[in-house]
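One structure is given here, and the rest of the page talks about it.
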Amino acid sequence: MSLVYEKAAEFKHIQRILNTNVEGKRKVPYAIRVIRGIGRRFAFVLCKKAKINVNRRAGELNEDEVNTLTNILADPVGNGIPAWFLNRQRDFKDGT
């Protein structure tokens, strides 16, 4: 079964986020997993904080939504993501 999108002129097959090519045909949380440091759970939390529907395709994102994702990735703790959720930021042993 193929994907039929009403606004085909606005759909981007390759979305560029943080110097990484993101496939536009995949759903947003699964598409942004190709960015280094983003896993499954972090991708879903990122979409919830950015208020992006997880069932949308990455090619449907407009420039404002991509900028929102980038801003949250730049400062995740400042945007409400708990510090314990982040990967080992500084220390190899305990992450502090």
Side-chain angles (χ1 to χ4, degrees):
M1 181 178 244
S2 63
L3 173 69
V4 178
Y5 185 58
E6 294 84 25
K7 300 176 185 175
E10 298 174 7
F11 189 83
K12 296 179 184 175
H13 291 279
I14 300 291
Q15 190 74 270
R16 189 83 173 156
I17 302 173
L18 292 176
N19 295 329
T20 306
N21 291 335
V22 175
E23 190 175 351
K25 292 186 283 185
R26 292 180 179 240
K27 293 185 180 182
V28 177
Y30 299 105
I32 62 176
R33 285 182 53 212
V34 299
I35 300 172
R36 183 179 164 98
I38 299 179
R40 289 174 303 196
R41 290 179 51 96
F42 189 66
F44 277 95
V45 168
L46 188 63
C47 289
K48 287 181 182 180
K49 291 294 179 183
K51 296 182 175 87
I52 295 173
N53 186 0
V54 295
N55 291 320
R56 288 181 60 197
R57 304 287 172 170
E60 299 175 13
L61 296 178
N62 58 27
E63 203 61 36
D64 293 334
E65 292 168 331
V66 171
N67 289 337
T68 304
L69 285 173
T70 305
N71 292 338
I72 293 173
L73 281 170
D75 185 23
V77 175
N79 286 300
I81 296 175
W84 57 264
F85 202 85
L86 305 177
N87 292 344
R88 301 174 180 204
Q89 294 295 308
R90 291 183 180 82
D91 188 39
F92 185 73
K93 292 283 185 183
D94 60 1
T96 58

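Quick caveat: nothing in here was measured; it's all calculated off a predicted structure.
Considering only residues two or more places apart in sequence or on other chains, Glu65 meets the side-chain hydrogen bond (donor to acceptor under 3.5 Å, both in side chains) condition with Arg56.
For Lys27 against Asn55, the heavy-atom pair with the smallest separation is NZ-OD1, 3.8 Å. Summarising the geometry of Ile32 relative to Cys47, their closest heavy-atom pair is CD1-SG, 4.5 Å, with the distance given to 0.1 Å. Here the shortest heavy-atom pairing between Arg57 and Phe11 reads CB-CE1, 4.1 Å. Across all their heavy atoms, Ala58 and Glu23 have their closest contact at CB-O, 3.6 Å. Here the closest non-hydrogen pair linking Phe42 and Gly37 is CD2-O, 4.4 Å. When all heavy atoms of Asn21 and Val34 are compared, the pair lying nearest together is O-CG2, 3.8 Å.
Under the side-chain contact (heavy atoms from CB on, under 4.5 Å) test applied with Leu69, the options Ile38, Leu46, Leu18, Ile35 reduce to a single match, Leu46.
Other residues, nucleotides and ligands contribute more than 12 heavy atoms inside 6.0 Å of the CZ atom of Arg16. The number of heavy-atom neighbours closer than 6.0 Å to CZ of Phe44, taken from other residues, nucleotides and ligands shown, is above 12.
Placement of Leu73 and Trp84 within a single hydrophobic cluster is found when ILVMFWY residues are connected by side-chain heavy-atom separations under 4.5 Å, directly or transitively. Connection of Val77 to Phe85 is established within a shared hydrophobic cluster, with ILVMFWY side chains joined at heavy-atom distances below 4.5 Å, either directly or through further cluster members. Tracing side-chain contacts under 4.5 Å through hydrophobic residues (I, L, V, M, F, W, Y), one reaches Ile52 starting from Ile81; they form part of the same cluster.
In this structure, the side chains of Lys49 and Ile72 come closer than 4.5 Å at one or more pairs of heavy atoms.
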